[in-house]
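Read the structure below first, then the notes.
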Amino acid sequence: MCGIVAYVGHREACPLVIKGLKRLEYRGYDSAGVALMNGQGLKIYKKKGKVVALEQELDGKEIHATIGMGHTRWATHGEPNDVNAHPHYSFHRKLAIIHNGIIENYAAIKQALLKKGHTFTSETDTEVLGQFIEDIWENNGGSLEEAVRLALQEGVGAYAIVIMSEADPTQLIAARKGSPLVIGVGDNEFFLASDATPIVEYTKDVIYLNDYEIAVIKNGELKVVTLDNTTTTPYVHKVELELEAIEKGGFDHFMLKEIFEQPRSIADSMRGRVQADAGTLQLGGLRDYLDKLAKSKRIVIVGCGTSWHAGLVAEYIFEELARIPVEVEYASEFRYRNPIIKEGDIVIAISQSGETADTLAAIELAKSKGATIFGVCNVVGSSIARATDAGAYTHAGPEIGVASTKAFTAQVTVLTLMALAAAKRKGTISDSLFRQLLAEMESIPAKVEKVLQAADKIKEIAYIFTYARNFIYLGRGLNFPVALEGALKLKEISYIHAEGYPAAEMKHGPIALIDEDMPVVVIATKDSSYEKVVSNIQEVKARKGRVIAITTEGDTHLPGMVDFTIEIPKVHEVLMPLVSVVPLQLLAYDIAVMRGRNVDQPRNLAKSVTVE
Ligand code: M6R
């Protein structure tokens, strides 16, 4: 949601900023803009639509500049149009501002400025903040840095902002609270961005700005101060991200690349952690907290979307292996009730981006009630990863497609390892089952590879259902969250209405929807629910529903009963979701492509949802 890129140094700023904005396109946005400073002063160019529309707008303009900043906006205050797009000038055009987040008390600030005679061109909270900063700067007689600090002390809400002023062509001021901001430190040059992806091709040295910090880059030097004006010494991290990881690498879409990366990403999630031969398992980030996890009376898992589905899978696994009661909550619901958290409770927060506002708020609430917080995040150094007491990164590599795929399988992998480690420590798993599951886990990448070999067959099935208007997905046990995930994938990228249900629950309502026009995807693998699921399939067939069944290799019974089958290798029941979800990802992808959808950036969606 919203992307920020800024640069000051010796390079041409405009092409660098535009390229950076393209790298952030995956976050989701509806308009884009840049501010540049050169002999013609501080100039802003912005356009509704994609970054290419902005590029066309810039065509023929004097864009030479060595300082500039750009923004992709995901509308919150005011519709997506040229005027509401960022950057925004301040009232006297002395500065320009870009902003990610929401200033909650902007209306009150706006009223005060209106009384002083200010007028506004946009409907945004960002323009209000820019005018507020300029007003303080003009009236207090201090520096711009001081004006930013004073303004942010008044501002309520979340933000990552960058400011350029006409007064100083060497200066960028940035600040953060609740929205991510990374500073790239080069040789006499600085980069600012919402994440490291626009920066890594220039430098691997980055600083993650903390909440309530302001970065002042001036005359080639960086200073970081807190909102109460204490100077801090920023820690320079080395990012491991390689350029090829954020490019399509010959695939038509990032989503397809990420689906096909899963054999590797699942292996990466286990790398250095699982030694099946020796029967050992280590999770470094959990070492000091494993006892606490194993002894916990209850685990509460919070997350949103796909991460919530991974939590549902984890619920089955933790209860089955470690015999710890688990509750899985939507972070957005958890944060607005008065949840009961008791001593000894563990909260596990799951998030690919590590920036989801609802999940972050749920963590803060759980912390305030005394819970110990574990994180399962993909993005290293993200806000959620830093807000937790302990945790394990998923190491899936950057996920650019808005529809989460490899992040899900990586989350399930890590959560399974956590459950296994807790079960071992607690003594609720036999040594032989522990070893068997570790060995089975090591075999998962090869099994996923095998499913990927069925891609052409899945494409043929997708072709038949391209114009379906609805879909139902059914599964039982560990395959129920997989059904939910399959339905989510389909609806978010193809815009087809799809529902996931526990297979047995169908007869309590959704069965009324079944007729010859209703495709029903059933995950019918050979596990403890197999016979029951077969009965559910018969119920669908009796009503002429068209069944696509995900079956276990060698199943000779179902092909004669259903319309289409997609075979997957035999896997231990506890690990089934890691494999059974893959054909559903491909099916959703193929249908969306055949319908001509923008698979990587579906309408209205953002990759990291940093507003509630
Ligand atoms: O970054 P997070 O895992 O916290 O994101 C949570 C959801 O926004 C995310 O999973 C969303 O549902 C995806 N678009 C699913 O494909």
Side-chain angles (χ1 to χ4, degrees), residues 1-2 26-29 74 178-180 194-195 253-256 258-259 262 265 301-314 328-335 347-363 373 375-388 391-412 414-415 473 481-482 484-495 498 500 581-582 584-589 592 597-612:
M1 242 171 206
C2 295
Y26 76 94
R27 296 170 72 87
Y29 71 104
W74 191 87
S179 287
S194 299
D195 63 43
H253 297 95
F254 280 110
M255 181 179 174
L256 189 62
E258 287 154 8
I259 291 172
Q262 288 176 110
S265 56
I301 298 180
V302 293
C304 304
T306 289
S307 296
W308 182 75
H309 295 157
L312 291 178
V313 173
V328 188
E329 301 253 8
Y330 284 117
S332 54
E333 289 297 313
F334 180 85
R335 63 180 288 197
V347 170
I348 302 179
I350 308 173
S351 175
Q352 187 286 130
S353 62
E355 301 295 345
T356 301
D358 284 323
T359 309
L360 201 49
I363 291 173
I373 320 286
V376 176
C377 293
N378 193 36
V379 178
V380 176
S382 56
S383 303
I384 292 175
R386 289 190 287 159
T388 50
Y393 281 115
T394 49
H395 297 308
E399 190 178 66
I400 311 278
V402 162
S404 207
T405 52
K406 65 174 180 172
F408 174 78
T409 45
Q411 287 166 344
V412 172
V414 166
L415 288 159
Y473 285 71
V482 175
L484 293 178
E485 177 60 8
L488 177 65
K489 288 297 81 100
L490 186 72
K491 64 187 139 193
E492 65 183 337
I493 58 170
S494 71
Y495 317 150
V581 75
V582 177
L584 307 191
Q585 296 168 342
L586 282 170
L587 187 69
Y589 170 81
R597 302 302 190 211
N598 186 347
V599 172
D600 283 334
Q601 293 161 40
R603 68 184 180 198
N604 305 336
L605 289 177
K607 184 67 182 165
S608 64
V609 184
T610 50
V611 295
E612 64 170 288

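Note that ligands are numbered from 1 as they come in the structure, with each ligand's atoms numbered from 1 the same way.
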**OP:** List the closest protein heavy-atom neighbour of atom 12 (O) of ligand 1: residue, atom name, distance to the nearest 0.1 Å.
**Re:** Gly305 CA, 3.3 Å
Original post:
At a 4.0 Å threshold, what atoms of ligand 1 neighbour a non-hydrogen atom of Thr306?
Top reply: 10 (O), 12 (O), 15 (C), 16 (O)
Original post:
Can you tell me the protein heavy atom closest to atom 5 (O) of ligand 1 and the distance?
Top reply: Thr356 OG1, 3.5 Å
Original post:
Has Lys489 got any heavy atom lying under 4.0 angstrom from an atom of ligand 1?
Top reply: yes
Original post:
Do any nitrogen or oxygen atoms of Gln411 come within less than 3.5 Å of a nitrogen or oxygen of ligand 1?
Top reply: no
Subject >> Side-chain touch Phe408/His309, heavy atoms, less than 4.5 angstrom >> reply: yes
Original post:
With ring centroids as reference points, do Tyr589 and His253 lie under 6.0 angstrom apart?
Top reply: yes
**OP:** Using the six-membered ring of Tyr495, assess whether NZ or CZ of Arg603 lies under 6.0 Å from its centre and within 45 degrees of the ring axis.
**Re:** yes
Original post:
Can you tell me if Gln352 and Ser307 form a side-chain donor-acceptor pair at under 3.5 Å?
Top reply: no
Original post:
Looking at atom 1 (O) of ligand 1, what's its closest protein heavy atom, distance included?
Top reply: Ser353 OG, 2.7 Å
Original post:
For Thr405 and Glu399, which heavy atoms make the closest approach, and how far apart are they?
Top reply: N-OE2, 2.8 Å
Original post:
Does the N or O separation between Ala403 and ligand 1 drop below 3.5 Å for any pair?
Top reply: no
Original post:
Going by distance only, is there an N or O of Ser404 that falls short of 3.5 Å from an N or O of ligand 1?
Top reply: yes
Original post:
Considering only the protein, which heavy-atom contact is closest to atom 14 (N) of ligand 1, and what is its distance?
Top reply: Glu492 OE1, 2.8 Å
Subject >> N/O separation below 3.5 Å, Thr359 to ligand 1 >> reply: no
Original post:
What's the shortest heavy-atom distance between Asp358 and Cys304, and which atoms?
Top reply: CB-SG, 4.1 Å
**OP:** Write out the residue and atom name of the closest protein heavy atom to atom 6 (C) of ligand 1, then the distance separating them to 0.1 Å.
**Re:** Cys304 O, 3.3 Å
Subject >> Residues that Tyr393 engages under side chain to side chain donor-acceptor pair (under 3.5 Å), provided they are two or more places apart >> reply: none
**OP:** Mind listing the closest non-hydrogen atom pair of Ser351 and Gln411 along with its distance?
**Re:** C-NE2, 3.9 Å
Subject >> Subset of ligand 1 atoms that lie under 4.0 Å from at least one heavy atom of Ser307 >> reply: 2 (P), 3 (O), 10 (O)
Original post:
Just which atoms of ligand 1 are under 4.0 Å from any heavy atom in Val402?
Top reply: 13 (C), 14 (N), 16 (O)
Original post:
Can Gln585 and Glu258 be counted as having a side-chain donor-acceptor contact under 3.5 angstrom?
Top reply: no
Subject >> Minimum-distance protein heavy atom relative to atom 8 (O) of ligand 1 >> reply: Val609 CG2, 4.0 Å
Original post:
Just by distance, with hydrogens left out, do Lys489 and Thr306 show a side-chain donor and acceptor under 3.5 Å apart?
Top reply: yes
Original post:
Heavy atom of Leu605 under 4.0 Å from ligand 1?
Top reply: no
Subject >> For Ser351, the ligand 1 atoms whose distance to one of its heavy atoms is below 4.0 Å >> reply: 1 (O), 2 (P), 3 (O), 4 (O)
